[in-house]
Amino acid sequence: MKVEQLNSLKALYSFSALLICLAIGYLVHYIVGGLPPALYGLVVLTLSLKHRLIRADFLEQTIQWIFRHMGVCFVPAGVGIIEHYELVARYGVTMVLITFVTTMILLTLVGLWVNISEKRPAP
Amino acid sequence: MSYLLFAFIGVLLTITTYQVVAKLQAKLCAIWLNPMLFTILMAILVLTLFGIDYQTYYQSTISLNYLLEPAIVALGYPLYQHLDAIKKQWKVIAVSLTVGAIVAISISFLLTISLTDNYAISVSLALKSITTPIALAVTEQLDGNQAITAFAIIIAGLTGAIMGIKWLSLFKIDSIRAQGLAIGAASHALGTATMSQISYEHTAYSSIALIYSAIITAIIAPGIIELLAYLSI
């Protein structure tokens, strides 16, 4: 088989695997509720790979491609900010500042905690 | 037919803008030139200039929205690769993320209520660090404002995605584990998507933080917020 054919088969395999995991995620979400379907799907993929139900070596290239481009999928939701024009006009600056500052605090806190616990010698 | 054409134009313009900015960013080595942020700003500018409403744009780019879910599922791949390492460090991960969530929820709520004196906004901003569907559900449960939660979630995501690594480096937080966990905890899937361009190890830790923070916040946020609201009256 030619390399291109093999690669497109791998891509087809990968997208099918992702969609099946997502479908199971939807099923779990429907039954249990709680986390959003995509996050259940993420866990299903991790477990399927671990138990060799899905072949990791087939996924590699497609996953790399997805990660290189997935940022663009967040754009439509981000543009949604304009729907809240009135709210933004009224409280915008305060909200952005508080969000910005507290996000930085959370980043620093978790980062420092993990960093320090890592450098401490194991008992 | 016109609908198809229209959907095609929306997606095409969005993807093209994103690609051009991404190429430009790589060429100029400019971290601030974030393709996601610039494409969002460009789209807002175009929609405002031509008087197109958001629902129209949203409908035309709905295919991108559909792709978001499989892309999030894909984050399970790096998580699988680092699963054994993560299992060994489970305690540090759980404790740091739980403490982080408690502190972030409390500070956000108290800061907002003292500055705006508005309970609904304070609830919304307290829940902004986690993934949108869960944050919206908890917002509703606590009588927050869902529109503000959605808005703040995007700002929190962009903050960590654009400045996260640089900021952490300022504090000499240079371990991959610490960086990944911090950005997953503070900037949910949006920050995690940015991690996926840096390394699989960053992505693995960011993904676990994204999931853990969402669960722990859904569990503890109602208690913390009710207590703080009671105390601050």
Side-chain angles (χ1 to χ4, degrees), chain A residues 15 18-19 21-22 25 34-39 41-46 49-50 56 59-60 62-63 66-84 87-88 91 94-96 98-115 117-118, chain B residues 14-15 18 35-36 39-40 43-44 54 57-58 61 64-65 67-77 79-80 83 92 96 100 103-104 107-108 111-112 115-116 125 128-129 133 147-148 151-152 154-156 159-160 164 167-168 171 173 175 177-178 181-182 185-186 190 193 196-197 211:
Chain A
F15 281 113
L18 291 178
L19 289 178
C21 291
L22 182 60
L35 288 178
L39 288 191
L42 192 167
V43 176
V44 172
L45 178 68
T46 308
L49 286 165
K50 186 175 160 50
L59 258 63
E60 177 78 38
T62 310
I63 299 278
I66 291 177
F67 286 172
R68 207 160 47 237
H69 300 294
M70 79 183 278
V72 74
C73 299
F74 286 95
V75 171
V79 179
I81 289 180
I82 57 170
E83 284 246 277
H84 312 309
L87 279 175
V88 176
Y91 298 107
T94 322
M95 289 191 318
V96 171
I98 295 173
T99 304
F100 182 77
V101 170
T102 51
T103 299
M104 290 310 206
I105 293 175
L106 179 56
L107 271 173
T108 321
L109 181 70
V110 174
L112 273 181
W113 189 301
V114 178
N115 217 35
S117 73
E118 219 166 50
Chain B
T14 305
I15 293 180
Y18 187 90
M36 209 187 312
T39 313
I40 292 173
I44 290 179
Y54 173 67
Y57 175 77
Y58 183 81
T61 52
L64 287 178
N65 226 31
L67 289 174
L68 191 56
E69 288 193 312
I72 290 174
V73 173
L75 296 170
Y77 184 79
L79 184 56
Y80 146 76
L83 202 57
V92 176
S96 61
V103 173
I107 293 183
S108 307
L111 196 61
T112 317
L115 287 177
T116 65
L125 294 197
K128 67 181 180 307
S129 307
I148 293 180
F151 173 76
I154 296 166
I155 305 291
T159 304
W167 173 264
L168 291 169
F171 292 86
I173 301 168
S175 97
R177 194 157 66 121
L181 288 171
L190 216 156
S196 70
Q197 286 163 28
I211 295 172

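Below, read A as the first sequence line, B as the second, and so on, with proteins coming before strands; counting in each chain starts at 1.
Closest approach of B:Val73 and A:Ala38 over heavy atoms only: CG2-O, 3.8 Å. In terms of heavy atoms, A:Ala56 sits closest to B:Tyr80 at CB-CE2, 3.7 Å. Across every non-hydrogen atom of A:Gly111 and B:Leu168, the tightest pair is CA-CD2, 4.5 Å. The shortest non-hydrogen separation linking B:Leu68 to A:Cys73 is CD1-CB, 3.6 Å. Residues B:Gln197 and A:Arg68 share a closest heavy-atom pair of NE2-O, 3.8 Å.
Proximity to chain B involves both the backbone and the side chain of A:Leu112, based on heavy atoms less than 4.5 angstrom apart. Within the 4.5 angstrom heavy-atom criterion, no atom of A:Val44 approaches chain B. Of the two parts of B:Leu67, the backbone and the side chain both hold a non-hydrogen atom closer than 4.5 Å to a non-hydrogen atom of chain A. For B:Ile148, the parts lying near chain A are the backbone and the side chain together; criterion is any non-hydrogen pair under 4.5 Å. Using a 4.5 Å cut-off between heavy atoms, A:Thr99 touches chain B through backbone and side chain atoms alike. At a 4.5 Å heavy-atom cutoff, the contact between B:Ile72 and chain A is made by backbone and side-chain atoms alike. Both the backbone and the side chain of B:Pro70 come within less than 4.5 Å of a heavy atom in chain A. At a 4.5 Å heavy-atom cutoff, the contact between A:Leu19 and chain B is made by side-chain atoms alone. Proximity to chain B is limited to the side chain of A:Leu109, based on heavy atoms less than 4.5 angstrom apart. Of the two parts of B:Leu125, only the side chain, counted from C-beta on, holds a non-hydrogen atom closer than 4.5 Å to a non-hydrogen atom of chain A. Of the atoms belonging to B:Ile154, it is side-chain heavy atoms, and not backbone ones, that fall under 4.5 Å from chain A. Contact of A:Leu22 with chain B is made through backbone and side chain together, with heavy-atom distances under 4.5 Å. When heavy atoms are compared at a cutoff of 4.5 Å, B:Ser175 approaches chain A by way of both its backbone and its side chain.
Each of A:Ile98, A:Val101, A:Thr94, A:Ile66 has some count of heavy-atom pairs under 4.5 Å with chain B, and the biggest count is that of A:Ile98. Between chain A and the residues B:Ala74, B:Gly100, B:Pro35, the most heavy-atom pairs under 4.5 angstrom are made by B:Ala74. Heavy-atom pairs under 4.5 Å with chain B were tallied for A:Thr62, A:Val114, A:Val43; the largest tally goes to A:Val114. Ranked by heavy-atom pairs shorter than 4.5 Å toward chain A, the options B:Ala156, B:Ala71, B:Gly76, B:Ala152 are led by B:Gly76. In terms of heavy-atom pairs under 4.5 Å with chain A, the best-connected choice from B:Ser129, B:Ala43, B:Ala186 is B:Ala186.
At a threshold of 4.5 Å between non-hydrogen side-chain atoms, the residues B:Ile15 and A:His69 do not count as touching. A:Met95 places none of its side-chain heavy atoms less than 4.5 Å from the side chain of B:Ile155. At a threshold of 4.5 Å between non-hydrogen side-chain atoms, the residues B:Tyr58 and A:Val79 do not count as touching. Residues A:Val72 and B:Leu64 meet the side-chain proximity criterion, which asks for heavy atoms closer than 4.5 Å. The side-chain heavy atoms of B:Thr61 and A:Val75, taken from C-beta on, include no pair separated by under 4.5 Å.
The distance from the CG atom of B:Leu79 to the CG atom of A:Leu42 is 6.0 Å, given to the nearest 0.5 Å. Once rounded to the nearest 0.5 Å, the distance linking OG1 of A:Thr103 with CH2 of B:Trp167 reads 11.5 Å. To the nearest 0.5 Å, atoms CD1 (A:Ile63) and CG (B:Leu75) are separated by 8.5 Å. One distance of note links OH of B:Tyr77 with CG of A:Leu49; it measures 7.5 Å at 0.5 Å rounding. Atom CD1 of A:Ile105 is separated from atom OG of B:Ser108 by 7.5 Å, given to the nearest 0.5 angstrom.
With hydrogens and angles disregarded, no donor-acceptor distance shorter than 3.5 Å links the side chain of B:Tyr57 to the backbone of A:Gly80. In terms of modelled atom types and a separation under 3.5 Å, the side chain of B:Ser96 and the main chain of A:Val110 share no donor-acceptor contact.
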